[in-house]
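First listed ligand is number 1; within each ligand, the first listed atom is number 1.
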Amino acid sequence: MLAQRLVAALARPAAQQPLWPDPARTAAVVRQLREAAPIVTPAETARLSARLAAVARGEAFLLQGGDCAETFADNTEPHLRANLGLLKRIALVLTHAAGRPVVPVARLAGQYAKPRSQPVDAQGLPVYRGDIINSVEPTLAARTPDPHRMLRAHANAARAMAWARRICREELADPHALHQQNLRFVGSSPVGARHLRQAEELDRSLRFMAGLGTRGRTAQQSEIYVSHEALLLDYESALLWADTRGPEPLFSSGLAHFLWIGERTRGLDGAHIAFAELLSNPIGVKIGPNTTPEQAVEYVRRLDPHATPGRLTLISRMGHAQVREVLPPIVEKVTASGHQVIWQCDPMHGNSQTSGNGYKTRRFSHIIEEITGFFEVHRELGTHPGGLHLEATGEDVTECLGGARGLGEDDLPARYRTACDPRLNAEQSMELAFTVADLLAE
Ligand code: PEP
Ligand code: MN
């Protein structure tokens, strides 16, 4: 029955799928993937579901972040350490400001497939769709979809997950060490003085804890969950466990704890939403400014049929100019449905622009403005602003404009390294963290 529902879901129209050149070879790869080892376990995913239920009830905060697109070349221990370290440092600041647990979910160990707005690039070549499908290199051969890349993606995801577990357990579980790094940010940032009070209060809290005999190195402090966009259905449908623990039999993805459906593939008649309906994992749906309140309620009805708090995360990415106008009627209608969803703000994807010198970028002030609007909307409606979804790296890239250093268009070429969308760098991310801390503490 469940297997038949999967076949029916995948038979629906699926947007943004590659045209594999050799279907027989693709089928052989998918058969091999079915035999591959899972990246995550159902018990871990169940733990995340419990944590997200608390977020939906307003008792915790969800922090999700990482690269827009992971690449095989950047799947290195230093890169993972930088990104995970940043996530944990932001989480520490937000935990303190909110006085609530922060649930860390990385865009990691599978964020290899990208939806694109055009099928070809400026040179007329098939567009880069992420390392799981083709190569960024601008030749016809490299851009031709290669199913074997799904096996490479799986192997890379397995390695990333093993590293992430180790790094979070052995290197990032000590809040004092994370705090020392944050103090270095406060000491060196041009706007550090603005955040000094927060940092000093955190310092006092840590010393108070130490006085009570705990350094805060708890199991919770070393946890990490992973997520990616469930875009490439050949990959997503290859590693599923049967999960009979809930009110109806479903599949638990072996590929990530949390999966989301993107803005370009959220069609209610399409394969992606139908596929997500069959998963017991917590699910996100990106909602852009043309989402209607009726559509939002339909996602809730389809993806949260048993009214499970935190089962569904609605990830609004409205843009700084529209969030205050577009989000309220959606929140009101969903709230009236009685379902407890997580409201998460993605302040990145509604604020993309092209710089005068041709770089896809985002302005720090627009990102902050959308987050501020998101908090205002929820405060006004009495709902919980439950989370943030960021594209951010712990490395010193030059991809987003602005921030305390006033990064300008002429600075972008220096270290513009993203394979897809522009990420906040470490300093911009910490500035964002302290700014959001002020919003949380209000
Ligand atoms: C993304 O998260 O990288 C993405 C493509 O987002 P969206 O679906 O919101 O455009
Ligand atoms: Mn992106």
Open item on the list: Taking Arg5 first and then Glu277, would you say they form a salt bridge - that is, a charged N and a carboxylate O separated by under 4.0 Å?
Closed with: no
Open item on the list: Can you work out which protein residues put a heavy atom within less than 4.0 Å of ligand 1?
Closed with: Cys68, Arg107, Lys114, Pro115, Glu229, Trp260, Gly262, Glu263, Arg264, Lys286, Arg317, His349, Glu391
Task: Those residues that, when tested against Arg47, pass salt bridge (Lys or Arg N to Asp or Glu O under 4.0 Å) (two or more places apart) - done: none
Task: the Mn ion (ligand 2) neighbourhood, protein N/O/S only, threshold under 2.8 Å - done: Cys68 SG, His349 NE2, Glu391 OE2, Asp421 OD2
- [ ] Evaluate whether atom CD of Glu380 has more than 12 neighbouring non-hydrogen atoms of other residues, nucleotides or ligands under 6.0 angstrom away.
- [x] no
Task: Result of checking Arg107, Arg116, Lys114, Arg362 against Asp421 for salt bridge (Lys or Arg N to Asp or Glu O under 4.0 Å) - done: Arg362
Task: Salt bridge Glu376-Arg379, side-chain N to carboxylate O under 4.0 Å - done: no
Open item on the list: Tell me if the CD atom of Glu294 is crowded by more than 12 foreign heavy atoms within 6.0 Å.
Closed with: yes
TODO: Verify, without hydrogens or angle tests, whether Gln111 (side chain) and Ser227 (backbone) share a donor-acceptor contact under 3.5 angstrom.
DONE: no
- [ ] On the 0 to 90° scale, with breaks at 30° and 60°, tag the Phe72-Tyr112 ring pair as parallel, tilted or perpendicular.
- [x] perpendicular
Task: salt bridge (Lys or Arg N to Asp or Glu O under 4.0 Å) contacts in which one or both residues fall within residues 120-132, not counting sequence neighbours - done: Asp121-Arg143
